[in-house]
Amino acid sequence: MSKMTFAAAIRDGLAVALDRDPKVLVYGLGVPDPKGVFGTTMGLQQQFGSRRVFDMPTSENAMTGIGVGAALGGMRPVLTHQRLDFALLSLDQIVNNAAKWRFMFGGKRGVPITIRMIIGRGWGQGPTHSQSLQAWFAHIPGLKVVMPTTPEDAKGLLLSSIFDEDPVIYLEHRWLHNLEGEVPPGDHRIPIGSARTLRSGGDATVVAMSLMSIEALHAADHLALQGVHCDLIDLRTVRPIDWPSIEASVRRTGRLLVVDTGYQTGGIAGEIVARIAGSCWKDLRAAPQRLAMPDVPEATSQALTEAYHVRAEHIARAIGQLVEKPVEFASLAAERRHPHDVPGDWFKGPF
Amino acid sequence: MSKMTFAAAIRDGLAVALDRDPKVLVYGLGVPDPKGVFGTTMGLQQQFGSRRVFDMPTSENAMTGIGVGAALGGMRPVLTHQRLDFALLSLDQIVNNAAKWRFMFGGKRGVPITIRMIIGRGWGQGPTHSQSLQAWFAHIPGLKVVMPTTPEDAKGLLLSSIFDEDPVIYLEHRWLHNLEGEVPPGDHRIPIGSARTLRSGGDATVVAMSLMSIEALHAADHLALQGVHCDLIDLRTVRPIDWPSIEASVRRTGRLLVVDTGYQTGGIAGEIVARIAGSCWKDLRAAPQRLAMPDVPEATSQALTEAYHVRAEHIARAIGQLVEKPVEFASLAAERRHPHDVPGDWFKGPF
Amino acid sequence: MNADLSRRLLRDMIRIRAVEEGIVTRYSQQKMRCPVHLSVGQEGPSVAVGAVLRPTDLAVSGHRAHAHYLAKGGDLPAMIAEIYGKATGCCSGKGGSMHLVDERVGFMGSTAIVGGTVPVGVGLALAKSLGAGDDIVCIFIGDAVLETGVFYESASFAVLRQLPVLFLCENNLYSVYSPLSVRQPEGRSLAGVAAGIGLGTSSGNGNDVAEAYDLIAAAVAKIRSGGGPQFVELATYRWREHCGPLFDNDIGYRTVEEFEDWKARDPIAAFTARLFAVKTIDDKWLAAEGAAIDGEIEAAFRFAEQSPFPEPSERFSDLYAA
Amino acid sequence: MNADLSRRLLRDMIRIRAVEEGIVTRYSQQKMRCPVHLSVGQEGPSVAVGAVLRPTDLAVSGHRAHAHYLAKGGDLPAMIAEIYGKATGCCSGKGGSMHLVDERVGFMGSTAIVGGTVPVGVGLALAKSLGAGDDIVCIFIGDAVLETGVFYESASFAVLRQLPVLFLCENNLYSVYSPLSVRQPEGRSLAGVAAGIGLGTSSGNGNDVAEAYDLIAAAVAKIRSGGGPQFVELATYRWREHCGPLFDNDIGYRTVEEFEDWKARDPIAAFTARLFAVKTIDDKWLAAEGAAIDGEIEAAFRFAEQSPFPEPSERFSDLYAA
Ligand SMILES: Cc1ncc(C[n+]2csc(CCOP(=O)(O)OP(=O)(O)O)c2C)c(N)n1
Ligand SMILES: Cc1ncc(C[n+]2csc(CCOP(=O)(O)OP(=O)(O)O)c2C)c(N)n1
Ligand SMILES: [Mg+2]
Ligand SMILES: [Mg+2]
């Protein structure tokens, strides 16, 4: 075990994969540049050579299809987009080719490609550098979608994605890149499709993913001091969702809150609420709730993002309402030391 | 009023719009060709000239952005895709430009573009000619999304879409093109965002859209003969959803079934279930249900589509379960005279 | 061109035509329940490529792929069974006519989105380029593919990396019912655009199979020797409707004169006459080959008709690796 | 080139440089909380276009748009206020530096997706072409835009329809930290690709504003007279980091020599010297213009700083028409 950031854990995972299997390729805009995609690809080209680790032209659609072809040719490509928003150019290749190839050719061959997309937020990222569209990918049969929260999961899910036989969309939140945690060495894998219970408690079930799991963690710990104890489930994979874990928890707690990094309407939170409303109907003691981004793009001005995002205090308040107990949540906001539009003092812009 | 098909109603709507406003443009692959996009654009180029009605190269992404630019330049473009699946190439322009332009430029100007996409099904359309991705578009702030069911609504919603000041995704199901109905003449508009109650009854609320509303209609009428009476709400618009209509109905019936033409996971049906589970929690007397496409692409072989789609008998069965009454539904299947993979005898392939 | 090769080319064209006509004959039975895009009239380029490529070379294609699949050596009964939606089809019934695959002969897949397999082919070439050997990848494209951004991006990357790719463009003048004039600027040739991107290019008469063969062989030799990706544009013409078994000269998007003109340049008739003239073939050869082909095709349709449909439960299979 | 025009070009360059340097000076205060892509060193092409275009001509651009916006006549205080996220910004704070708009002067919008506004510009030209007049649309692009499929598709359509479009390409050798060599095949020029698509093309030194002006004026004249869309490639160089206010020659993606070499070809210094030599300007003119510009810029920053932030409730507004 060693302590490292989420970004370093990704770099570690990529290095392990490149080292372990000569078929692994790592490419994307800026992959070998001096910033190394926020440090996540730093030095990999020097270490593994420019045949396997390389930059690309701004041709997101073709470069995705080229990854699909390379995967069909036996490679395990890892494509990186510095923002999810840029990947909108490549959805035809992702949906019509990568996701469907195995199915439409009757199981002849799958497409073991991993596509990393980074989700931006705050500090002026604005409408086209901040979209969290996991609901889109999770809607598509044939894709798998992971959203790690901790450095360990960042590495473990990345390795599982790379060595998975099917296409995996790997969504990493920019605000997590500097999060530190213990990360096991070597080829450490976290299975796709299994959630992680971060906190246990019988009063309510909180399901979250990615950055929202961190916010939910603050909320849960804060409420625990007030005697409200939640199961906090970090989803980790948004397709396929670990229903048994969520259902087992809701059967115990009877109360569900889902917190989503994406837009509310048509989001993952709604999917979870809908499914649980059906499968745990008899167990639910209150209406299942969701907290998600408002149905409007993120504006650029810091004055417009302050009240836009879901934070620990909102989650704590929502849990309080869900369990029908008065809870204190305002101090969660008051405790925060850095401006609202950055994840911490380490982030000084621009991306 | 005159009786016409859904396809003819679209053509009528386009002609009315072209006639009424010289700023209206109609274009897309095959628009002026001898088949006229399943008859929906037949003769329009002859009538309104090739400056306003025109074919295009197979350049879906640019041609969408060109529509956005033309809209910013004062036009009201109507772009047609013969299959929704082809529009996946243009999502960057739809999501990052059309949907966001008004917002990200602080309200300076909107993008009054209408994008028609046709949803295929059955008769060998297979995995890439049958996707019903309304959930994707409905997830995007800044878009409106309509899915007409009747010829009248096909025309009325099209005219409202064209003269709307914002981008509208107009989704038409190929299997509805030959459906006949009364259509008012002239500039008849159906407001975006309002559902239509097709049947009234107190036992359950059934919400459906597009082709599924027709299937649900068969089911509802069949059950009415057995004494089970449903509110059947034809959604017509999937963004924004007419929540007041749905909620008013559910408050009366206490039971909800949503039927969707799209994949189940992450679909519109789930959104409706999730929302109603929250807003009508106290009124619900049974777990809200959904019926949607399975989470797998549509295969090509007729042997693989037979049990794939949701049909009247499944809806009737689901309603029976929801209202906890034994109902007869098998005869709905037995009554069908044409093969399962065509909408009727009028359809002989290929598209 | 030696006699064996000539006979092979002619035989392959006759065979592909006969397969397509076999589909035509039976299509109205509504047992082949999927769109079919036939290559009748434009068999030349396919068989020429088929004769140039090795089994270890790869190929990808689009919606009009029967000829490509067969020319590359694809399994005929499996293709017909696929069109019939049978379990024995090359995609187990999942894909239909627009999705064909036979990896044993390097036919890696054809799909229905115009331009969709172009980057896939380039990616296959990238994978090839990371290994040893001088195999190439052939990407079959129609004239409409030149209109897609993904072609441009993919071809550019192939040029940038000097990948072993052959872009084999069958220019049949139409995209569905749309003539080149509404899609390509006047005076701009497809090969010209390709050259601008940096591809090596050549153009010729796709209905002259010998000419097509020579152009393709030259292009492939260049690719194998490290000369970078090549674009070969072959003029040809589809006789029947864009999709389906009928003729559609009556609906008005093209003239009967144009059709008759191209029909007079039937690649099979022309090459047959030529081989007759130089005595490479005779009536006996033709009859024997014809009979063999007919027998093979009859057997393929019989196989397809007699094959079982996939089990309904298979509609859910093959989505993910087990 | 007459003296008035020369002075205008020089003044506009000095002004744009001073605005950008004004941002540089203040950026570390963390009050401008959005990414900024500065044009310091590459002011030539912008001001040349600005002097050629009419107010009724339109323009669109990308992430590095300050210079384009200002050269087209955009409102300086509104731009600075936008970068500060203020209610008085040209997008009311919604857009930030990467989204600028000033429709009064025909600057129709810049956005942050590489290539994203290219079809928008072509669509604006399509709308223009349906009306009367000979206005044109200028689409500002960087070298990386040539890598996008949407550029190819859009340019092709512009050629097909002979639309009044100027593709103004500032080739500054880099896309973020990536040199042309990992993006463009050796020996393939940007103008060459554009010519292959069918665009009229010309290339020149973007750091020589007079040369840039002449090339652009010639291209625009061609467009106005129905000569179809034109592509002008101007070589230039950004001095500072891709995004942000600093220099980044230390991080290793480009050499200090290369940077110094381009710096020695500063478009402002060169043109200043030239105008001095022919006595079009003198120290007094320079001082007066400099003072006026400085005053204007100070006022713009003051305006931005003193402007109110948008109300929090505005985060939900402007999504749909009221
Ligand atoms: C992206 C996309 N747009 C539109 C279509 C509809 N479509 C199917 S075939 C075709 C024409 C293709 O023409 P071409 O490439 O010349 O091939 P041909 O049919 O002439 O062999 C079109 C436009 C599609 N399949 N995919
Ligand atoms: C589709 C897309 N891919 C990637 C990016 C990230 N990105 C922002 S600016 C840029 C470089 C653009 O280079 P160029 O067009 O040469 O303009 P320059 O920055 O040199 O002025 C890239 C790749 C993006 N914004 N959009
Ligand atoms: Mg063609
Ligand atoms: Mg550049």
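Quantities reported herein were computed from a predicted structural model and do not represent experimental measurements. In what follows, every chain begins at residue 1, and chains take the letters A, B, ... in the order their sequences are listed.
With rounding to the nearest 0.5 Å, the separation of OG in S175(D) from CG in D55(A) is 8.0 Å. Separating the CG atom in D33(A) from the OH atom in Y174(D) is a distance of 12.0 Å, to the nearest 0.5 Å. One distance of note links CG of D295(A) with CG of L319(D); it measures 8.5 Å at 0.5 Å rounding.
L304(A) is listed as a side-chain neighbour of E314(D), based on a closest heavy-atom distance under 4.5 Å. Side-chain atoms of P350(A) and C34(D), non-hydrogen and from C-beta on, never get closer than 4.5 Å to each other. Contact check for E147(D) versus M56(A): no side-chain heavy atoms found under the 4.5 Å cut-off. Side-chain contact between K35(A) and I251(D) is present, with heavy atoms from C-beta onward closer than 4.5 Å.
Only the side chain of M98(D) has a heavy atom closer than 4.5 Å to any heavy atom of chain A. Only the side chain of F351(A) comes within less than 4.5 Å of a heavy atom of chain D; its backbone N, CA, C and O stay farther away. For Q302(A), the part sitting under 4.5 Å from any heavy atom of chain D is the side chain, from C-beta outward, and nothing else.
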Report task. Evaluate side chain to side chain contact (heavy atoms under 4.5 Å, CB included) for S178(D) paired with L29(A), printing each intermediate quantity in order. Result -> CA-CA 8 Å; S178(D) 302; L29(A) 283 174; 5.7 Å; no

Report task. Show the numbers, then the answer: is there a side chain to side chain contact (heavy atoms under 4.5 Å, CB included) between R315(D) and V296(A)? Result -> CA-CA 8 Å; R315(D) 69 193 184 282; V296(A) 58; 5.6 Å; no

Requested in this report: Take T300(A) and R33(D) through the side chain to side chain contact (heavy atoms under 4.5 Å, CB included) test and state the conclusion after the steps.
Outcome: CA-CA 8 Å; T300(A) 302; R33(D) 295 176 88 76; over 6 Å; no

Query raised in the report: Checking side chain to side chain contact (heavy atoms under 4.5 Å, CB included) for the pair I113(D)/F86(A): CA distance, chi angles, key distance, verdict?
Result: CA-CA 7 Å; I113(D) 303 291; F86(A) 310 156; 3.8 Å; yes

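Scanning residues 116-124 of chain A against chain D with a 4.5 Å heavy-atom cutoff picks out W123(A), G124(A), ordered by number.
Most heavy-atom pairs under 4.5 Å with chain D: of the set P297(A), A62(A), P57(A), S59(A), this distinction falls to P57(A).
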